[in-house]
A.B. asks: 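Encoded as structure tokens, here's the structure I'll be asking about.
Basis for what follows: all heavy atoms, side chains included, without hydrogens, waters or symmetry-related copies.
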Amino acid sequence: EVADTPERRSQGLSGRARLAPGAGMYFPIHPPARRVFWMKEMRFDIDILWIRNGRIVQLSARVPHGPGRASRVQPDRKVDAVLEVQAGSIERWGWRVGETIEVLGWPPAD
């Protein structure tokens, strides 16, 4: 899924019961920025891949959720995309900073 509108970006994964294995939400960010991601109304932990120019520049593993908890997470540098995936995916897939990442179907073809 792509959060490519203000409404989709605001909603994100909030309120969902779970995220299917292999699924995720991609947030294109233009212009590149250090946006804060808020875990408001999340029901499960996630991993976050911070991306710039098609490469992973930072990883946030097992970002916590919880009743009454509104964790906030922000990269330490400007990014042009974020990918939210199931908690444990970073470890499971062995993703590392510096690796190239491609989101099939994005950007959309003209």
Side-chain angles (χ1 to χ4, degrees):
E1 294 179 63
V2 178
D4 57 354
T5 67
E7 295 78 21
R8 288 181 183 145
R9 283 190 291 275
S10 177
Q11 180 65 38
L13 296 171
S14 295
R16 294 186 187 197
R18 65 182 181 86
L19 184 60
M25 183 167 282
Y26 181 73
F27 295 78
I29 299 172
H30 182 76
R34 292 184 62 229
R35 297 239 175 106
V36 174
F37 278 67
W38 187 18
M39 299 291 288
K40 182 182 177 191
E41 297 177 11
M42 289 291 292
R43 297 181 180 177
F44 50 90
D45 296 351
I46 59 172
D47 286 352
I48 300 176
L49 287 73
W50 306 94
I51 303 164
R52 180 77 185 256
N53 297 323
R55 291 197 179 276
I56 299 170
V57 296
Q58 188 174 335
L59 298 165
S60 297
R62 300 188 183 278
V63 177
H65 82 291
R69 181 184 290 171
S71 298
R72 295 172 191 261
V73 62
Q74 182 178 35
D76 61 9
R77 66 192 73 194
K78 291 181 180 181
V79 298
D80 57 22
V82 168
L83 181 61
E84 296 182 343
V85 294
Q86 246 189 357
S89 295
I90 290 171
E91 183 178 350
R92 183 177 315 113
W93 294 102
W95 286 317
R96 301 282 180 253
V97 170
E99 289 186 314
T100 300
I101 189 158
E102 180 182 0
V103 176
L104 299 177
W106 191 265
D110 291 333

A.B. asks: To the nearest 0.5 Å, what is the distance between CG on Asp4 and CE on Met25?
C.D. replies: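 If we round to the nearest 0.5 Å, Asp4:CG and Met25:CE are 9.5 Å apart.
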A.B. asks: When rounded to the nearest 0.5 angstrom, what distance separates CZ in Arg72 from CE in Met39?
C.D. replies: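 If we round to the nearest 0.5 Å, Arg72:CZ and Met39:CE are 12.5 Å apart.
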A.B. asks: Any side-chain heavy atom of Val82 sitting closer than 4.5 Å to one from Trp50?
C.D. replies: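 The answer is yes; the side chains approach within 4.5 Å.
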A.B. asks: Using every non-hydrogen atom in the two residues, find where Ala3 and Pro28 come nearest and quote the distance to one decimal.
C.D. replies: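 Smallest interatomic distance, heavy atoms only, reads O-CD, 3.5 Å.
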A.B. asks: Let me confirm one number: the CG-CD1 distance from Asn53 to Ile101, rounded to the nearest 0.5 Å.
C.D. replies: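 Answer rounded to 0.5 Å: 13.5 Å.
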A.B. asks: If you measure from CZ on Arg34 to CZ on Arg77, what distance do you get to the nearest 0.5 Å?
C.D. replies: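 Rounded to the nearest 0.5 Å, the CZ-CZ separation comes out at 10.0 Å.
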A.B. asks: Taking Ser14 for the side chain and Gln11 for the main chain, is one N or O donor matched with an acceptor at less than 3.5 Å?
C.D. replies: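 Checking the backbone N and O of Gln11 against the side chain of Ser14, a donor-acceptor pair under 3.5 Å is found.
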A.B. asks: If you compare all heavy atoms of Gly12 against all heavy atoms of Phe27, which two are closest, and at what distance to 0.1 Å?
C.D. replies: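 Where Gly12 meets Phe27 most closely, the heavy atoms are CA-CZ, 4.0 Å.
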A.B. asks: Counting only heavy atoms not in Gln74, do more than 12 fall under 6.0 Å of its CD?
C.D. replies: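 Atom CD in Gln74 is crowded, with more than 12 foreign heavy atoms closer than 6.0 Å.
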A.B. asks: Hey, could you give me the CD1/CD distance between Ile51 and Gln58, rounded to the nearest 0.5 Å?
C.D. replies: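 The distance works out to 12.0 Å.
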A.B. asks: Using modelled atom types only, decide if a donor and an acceptor are shared between the side chain of Asp80 and the backbone of Pro32 within a distance under 3.5 Å.
C.D. replies: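 Not confirmed, Asp80 side chain does not pair with Pro32 backbone.
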A.B. asks: Do the non-hydrogen side-chain atoms of Glu84 and Phe37 ever get within less than 4.5 Å of each other?
C.D. replies: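 Yes. Closest side-chain heavy atoms under 4.5 Å.
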A.B. asks: Under 4.0 Å between a side-chain nitrogen and a carboxylate oxygen: does that hold for Glu1 and Arg16?
C.D. replies: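 Yes, Glu1 and Arg16 are salt-bridged.
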A.B. asks: Between Asp45 (side chain) and Ala87 (backbone), is there a donor-acceptor pair under 3.5 Å?
C.D. replies: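 The answer is no, because no donor-acceptor pair under 3.5 Å joins these two groups.
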A.B. asks: With the side chain counted from C-beta on, respond yes when Gln86 and Pro21 share a heavy-atom pair under 4.5 Å apart, and no when they do not.
C.D. replies: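 They are in side-chain contact.
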A.B. asks: To the nearest 0.5 Å, what is the distance between CH2 (Trp95) and CG (Leu59)?
C.D. replies: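 Taking CH2 in Trp95 and CG in Leu59, the distance rounds to 9.0 Å.
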A.B. asks: What's the verdict on side-chain contact (heavy atoms from CB on, under 4.5 Å) for Arg62 and Glu91, showing C-alpha distance, side-chain angles and the deciding distance?
C.D. replies: CA-CA 10 Å; Arg62 300 188 183 278; Glu91 183 178 350; 4.2 Å; yes
A.B. asks: If you look at every heavy atom in Val57 and Val79, which pair is closest and at what distance?
C.D. replies: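 Taking every non-hydrogen atom into account, CG2-CG1, 3.7 Å.
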A.B. asks: Taking all non-hydrogen atoms of both residues into account, name the closest pair between Ser89 and Asp47 and its distance.
C.D. replies: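 In this case the closest contact between Ser89 and Asp47 is N-OD2, 2.9 Å.
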A.B. asks: Could you report the tightest heavy-atom contact between Ile46 and Leu13, atom names first, then the distance?
C.D. replies: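 Heavy atoms only, the tightest pair is CG2-CD1, 4.3 Å.
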A.B. asks: Can you see which heavy atom on Ala17 is nearest to which on Phe44, and at what distance?
C.D. replies: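 Reported closest heavy-atom pair: O-CD2, 3.7 Å.
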